[in-house]
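Okay, so here's the structure we're looking at.
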Amino acid sequence: MAFFKKKTDREVEKYEKLSPSILAVYIILILFCIIIVAPLVIVVSSSLREASNMKSPLILFSQLTLSSYITAFNQMNYPMQFLNSFMTTGGSVLIVVCIATMAAYPITRIKRPFSKGLYYFFIAGLVIPAQMVIVPVAQMFGRLNIPNTRFTPMIMFITCSLPFSTFLYAGFMKSVPIEIEESAYLDGASLWTRFTRIVFPLLKPATVSTIITQGLWIWNDYFFPMVFISKSSQYSLPVGMIQFLGDRENPAQWNVLFAACVLCALPLIIIFAVLQKQFINGIAAGAVKG
């Protein structure tokens, strides 16, 4: 009892010593969290209503029904669009990781003017938005007779992700000691062996960061699939969700649209919840392990 009393007294003294500036910071952080979370709560609450009960979205959870989710699931053809998004995102991220690591390796290991020029070449890709060149790229695809399939947007996703990913890997690879490779070289390891078995495993934090940043962007992007995919059976989840916005003749059903938003974000939430420990450990891992 004396231990708990002393602990309670220490906590009381700690809170009594809080200065007005610290309290102001806490209040600002609480308000910021409310501003961030409030729209999400409104979306979830509105998605659990029927279309006839959408007069005031600020009245939270006045109705709990899954009819909006059933309608969105059926109209979107959710399993097919989920498979399209999964193949596009997974394939794009896999190729980006492979190419970016192999491009960053000679940039950081070869001390020549060419490697520095190659580094600036990838950096230049961060300056030009892909939307600015979408028209000539679409014309080039047409002249090359590239069909508009679910895999066509992957070309743009990979191209747009490579500059940032290469920049990230190059900056992280500089922290990997070259002495480790030199010792492996003396033991007879080839270049491919040194790269795949020594360097690449040490790039786990950069790989996790690339998967999170580029995977989230590719999964949530609707611009490239909307431009390069013509068949509704090959739509990704964001493009299928946009179809619920409606038009002047067919107004949007906001409860169904919000349900579609939740269904699009649900796979990412589940993946992060299951692999949260791996993500955090990967980001926090050091470059060299003893």
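The model shown is predicted, which means the values in this text are computed figures rather than measured ones.
- The main-chain N or O of L237 is never found under 3.5 Å from a side-chain atom of W219 such that the two would form a donor-acceptor pair.
- Other residues, nucleotides and ligands contribute only 12 or fewer heavy atoms inside 6.0 Å of the CZ atom of F121.
- To the nearest 0.5 Å, the span separating CD on Q75 from CE on M241 amounts to 14.5 Å.
- Side-chain N or O atoms of S85 include none that pairs as donor or acceptor with a backbone N or O of F82 at under 3.5 Å.
- A side-chain donor-acceptor contact under 3.5 Å links Q243 to the backbone of V239.
- In summary, the side chains of Y69 and S47 do present a donor paired with an acceptor at a separation below 3.5 Å, with no hydrogens or angles considered.
- When L94, L216, V96, V93 are each tested for a side chain to side chain contact (heavy atoms under 4.5 Å, CB included) with I211, only one passes: V93.
- Between the side chain of T101 and the main chain of C98, a donor-acceptor pair closer than 3.5 Å is present.
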Inset, instruction - Before giving the answer on side chain to side chain contact (heavy atoms under 4.5 Å, CB included), spell out for L83 and R150 the whole-Å C-alpha distance, their side-chain angles and the decisive distance to 0.1 Å. - result: CA-CA 10 Å; L83 182 61; R150 61 172 63 91; over 6 Å; no
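- Residues S209 and F172 have side chains not in contact (no heavy-atom distance under 4.5 Å, counting atoms from C-beta outward).
- Residue Y78 places its OH atom among more than 12 non-hydrogen atoms of other residues, nucleotides or ligands, all under 6.0 Å distant.
- Shown are F224, F151, F228; of these, the ring pair (Phe, Tyr, Trp, His ring centres under 6.0 Å) with F141 is made only by F228.
- Under the 3.5 Å distance criterion, with hydrogens and angles disregarded, a donor-acceptor pair is assigned to the side chains of T207 and Y169.
- The aromatic rings of F200 and F195 sit tilted relative to each other, their planes meeting at an angle between 30° and 60°.
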